[in-house]
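Encoded as C-alpha cells, the structure appears first; notes follow it.
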Amino acid sequence: MKCKKQLAALLLSITLLTGVAVPSFAEPQPDDSAATTTQTTDPATQAGTADTTDTGDAGTQEPAEEPSADTDTNPTADNTGTTDTAQPQEQAEDPEEDTGTPVLHVDAKSSILVNAETGEVIHAEKEKEKAYPASTTKIMTALLVLEKCGLDDVVTMQEADFSDVNNGASNAGLKTGEQITVENLLYCLLLPSGNEAANALARVAGGSIDEFVQMMNDRAKELGCVNTHFVNPNGLHDDDHYTCAYDLFLIAQQAMQNPTFTTIVNTAQKRLPATNMNEERIIYTTNHLILSSYSSIYYDNCYGIKTGHTSQAGYCLVSYAKSSGYTYYSVVLGADAGSGEYAGSFTETKRMFEWAFDHFHMKTATQAGAAVTECPVRLGRGTDHVTLVTSDDISVLLPSEADISDLDVTISAEESYEAPIAQGQTLGTVTYSYQGMECATADLIALSEVQRSPILYAMDRIAAFFRLSAVRIIIAIIVILFILYLFFSFIAGRNRRKRRRKKQRRAQNRQNHNRR
C-alpha cells in the first residue's frame, strides 16, 4: 500500500511539471462536469423592394403617360442666370429623438445623406431597397466614358442611337450623321439628359450597348454596390433596371473624383459649337438647384449632379453640396411632383442640405499623439506596456448639441504584444460611434519603441521549447520509463531480499538442526 501511494504521488508530480497526463494505475473517476456554449448571431441584412424608373425633372410637370418614356425636359433660356443667391426657403424644424439626435424624414421612397469628409451617413431611409434610377443612370454612363474615351474623340451619331428616344423622352436635339466630340456629348448627356447621347457614348466606349451595359454592372460590383443591375445606359424604364440610394451615392462619389465630370454637372448652361448638322446653340441643365439664381429653389451651396424622372421612378435627384468646409452627397429617389412649382426631388434635397449644415459640426475625438489606450508587452526591456495613439487628429461629425464625451469608443487590439515593437507600428484600431452610428475609425500606432530583453527572450524560448507537445511527450515517455525502471527495480530488489531472508532462515534452520 505504501508503495502504491508513493508511485501515485510521483505520477501526479510528473503531470504537473510536463502538462502531459501520465497513465494512472488507479480506477478512473466519473466526470461530473458539462461544458456549455452560447452563440450570438447578427440579424440578417434587410433586402428591400421598391418601384422607380426614369424621366425628366422640369418642376412639377406630371410624368408622361408612357411608363418607359424619359421626360427630362429642357428649361427655356429665359430662366437662366447664376450670379445672385436666393434666400433659402423657410422650413419647419424636424423633431428630435429623445436622445437629442436630430432626425429628418424625407418625402420620397428612399434617400441618403452622406458627409464626404468622414463618410458618415447622417440620414438614411430605405437606402438599400430596390429603386428605379431613371436618368441618374447616366452618372455611371459618364463615369465609364471618362475612363475609356478621350474628350477630343469625335463621334458620328447613328440612326440606332435614336431607336429608344420616343416622343416625350429627354433628348439633346442631336441628329443622325452629326459629328460631335465626346466632351460635348457628355454635356448633352448630363445637362439636358439626352438619351441619344447616352446611346452614342455607350456604343463608342463599349463597342456595343450590350458590352457597355456589362461594363456598367461590372463597375458597380467594383464600387461595392449592393442592389444594382443595369440593362441600358440611359435609364429608360425596364423592370430589371434598378439600383438603390446607397449605390447611387457610391457611383456619384467615384464620378466626382474626375474633374471633367465635376465641371460638367455643375454647369447650368453650355454653349455648344456648331457641327455639320446643327448651328451653335445653348443647352441647359435639368437641375433646378443650380439652373437659375432667380428661382425660389436655387441653392447656392449646390454643385450638381444629376436628375431623373419616369412615371415608375418618380422624381429623382443625386446631388452634392458644400459650405463652410463641409461637403455632402445626397440621393433622393421616388419623390412626388410636389405641391409647389418644383418637384419634390428638388425641395427635399435642398431641405436635406440645409438641415445637415444647420445641425451637424466637426469635433475632434482625439488629437494626434494623445494616448488612447495601453497594452501589456512581453519580453520588453525596461517596460511592460506600450501606449497606443493615433497618427493624426481624428475628427467626427456630431450633432451641434453633442459632446465628445457622448461618443462610444471601441478599441480593437491584442490582449498583449511581444517586443520588439517599432515606433509608429500599427497595433490596432479605434472606432468612435454616436448613438449607434459609426463616426470614424482610425489605426492605433505605438507611441514609442519597445526593445526586446535578451535575457527574457532566452528564458521564454527555453520555456517555449518545453511547452512543445513533442518535447512534452518525449519527456513524459522518459519519465514513465524511468518510473517503470524504478518500480521494477524495487520489485526485483524486494524479491532478492525475500530470497536472501529465506536462504538465511534455511541456513539458520540447518545450523540449529546440526547442533541437536
Side-chain angles (χ1 to χ4, degrees), residues 54-63 71-94 104-113 123 134-136 138-139 170 190-193 245 248 252 264-270 282-310 313-324 326-359:
D54 185 22
T55 62
D57 16 60
T60 59
Q61 179 180 349
E62 290 298 325
T71 60
D72 280 341
T73 58
N74 302 336
T76 62
D78 294 338
N79 292 328
T80 60
T82 59
T83 56
D84 297 329
T85 303
Q87 293 298 321
Q89 294 178 325
E90 291 287 334
Q91 297 291 344
E93 287 290 328
D94 285 284
L104 176 72
H105 172 69
V106 174
D107 188 11
K109 290 182 179 178
S110 58
S111 56
I112 192 170
L113 184 62
H123 161 80
S135 281
T136 60
K138 291 164 183 166
I139 300 173
S170 58
L190 296 170
L191 271 62
S193 199
L248 279 175
I264 294 174
V265 297
N266 189 39
T267 301
Q269 56 178 305
K270 170 68 175 178
I282 297 176
I283 56 176
Y284 301 95
T285 182
T286 57
N287 187 353
H288 289 281
L289 294 182
I290 67 171
L291 177 60
S292 171
S293 61
Y294 297 104
S295 72
S296 61
I297 199 63
Y298 179 80
Y299 188 49
D300 191 48
N301 295 326
C302 182
Y303 292 82
I305 300 177
K306 186 70 189 77
T307 63
H309 171 251
T310 60
Y315 290 89
C316 308
L317 178 60
V318 179
S319 196
Y320 178 83
K322 55 185 177 181
S323 176
S324 303
Y326 299 94
T327 311
Y328 291 95
Y329 288 95
S330 73
V331 180
V332 172
L333 299 178
D336 59 26
S339 58
E341 184 182 358
Y342 296 99
S345 54
F346 298 114
T347 57
E348 292 300 277
T349 295
K350 183 177 180 179
R351 189 165 68 92
M352 286 170 66
F353 285 144
E354 291 174 336
W355 173 81
F357 291 127
D358 287 344
H359 286 85

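This is a predicted model, so every value here is computed, not measured.
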Ion pair present between Arg351 and Glu348, side-chain N to carboxylate O less than 4.0 angstrom?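 Counted as a salt bridge, because a side-chain N and a carboxylate O are separated by less than 4.0 Å.
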
Tell me if the aromatic rings of Tyr299 and Phe346 count as close, with their centers under 6.0 Å from one another.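 For Tyr299 and Phe346, the ring centres are not under 6.0 Å apart.
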
In Å, rounded to the nearest 0.5 Å, how long is the span from [atom1] of [X] to [atom2] of [Y]?
{"X": "His288", "Y": "Cys302", "atom1": "NE2", "atom2": "SG", "answer": "12.5 Å"}
{"X": "Met352", "Y": "His123", "atom1": "CE", "atom2": "NE2", "answer": "4.5 Å"}
{"X": "Asn287", "Y": "Tyr298", "atom1": "CG", "atom2": "OH", "answer": "10.5 Å"}
{"X": "Leu248", "Y": "Cys316", "atom1": "CG", "atom2": "SG", "answer": "8.5 Å"}
{"X": "Ser323", "Y": "Asp358", "atom1": "OG", "atom2": "CG", "answer": "9.5 Å"}
{"X": "Ile290", "Y": "Asn266", "atom1": "CD1", "atom2": "CG", "answer": "5.0 Å"}

Are Ser319 and Lys350 linked by a side-chain donor-acceptor pair shorter than 3.5 Å? no

Any side-chain donor-acceptor pair under 3.5 Å between Thr307 and Thr286?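 Per modelled atom types, Thr307 and Thr286 side chains form a pair under 3.5 Å.
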
Do [X] and [Y] have side-chain heavy atoms sitting under 4.5 Å apart?
{"X": "Thr136", "Y": "Val331", "result": "no"}
{"X": "Ile283", "Y": "Lys270", "result": "yes"}
{"X": "Leu113", "Y": "Phe353", "result": "yes"}

To check you understand the geometry: which heavy-atom pair defines the closest contact between [X] and [Y], and what is its length?
{"X": "Ser296", "Y": "Tyr342", "result": "OG-CE1, 3.6 Å"}
{"X": "Ser170", "Y": "Pro192", "result": "CB-O, 3.8 Å"}
{"X": "Val106", "Y": "Ser111", "result": "CB-OG, 3.6 Å"}
{"X": "Ser345", "Y": "Leu317", "result": "O-CD2, 3.6 Å"}

Partner of Val265 by side chain to side chain contact (heavy atoms under 4.5 Å, CB included), out of Ile139, Leu191, Thr285, Ile305: Ile305

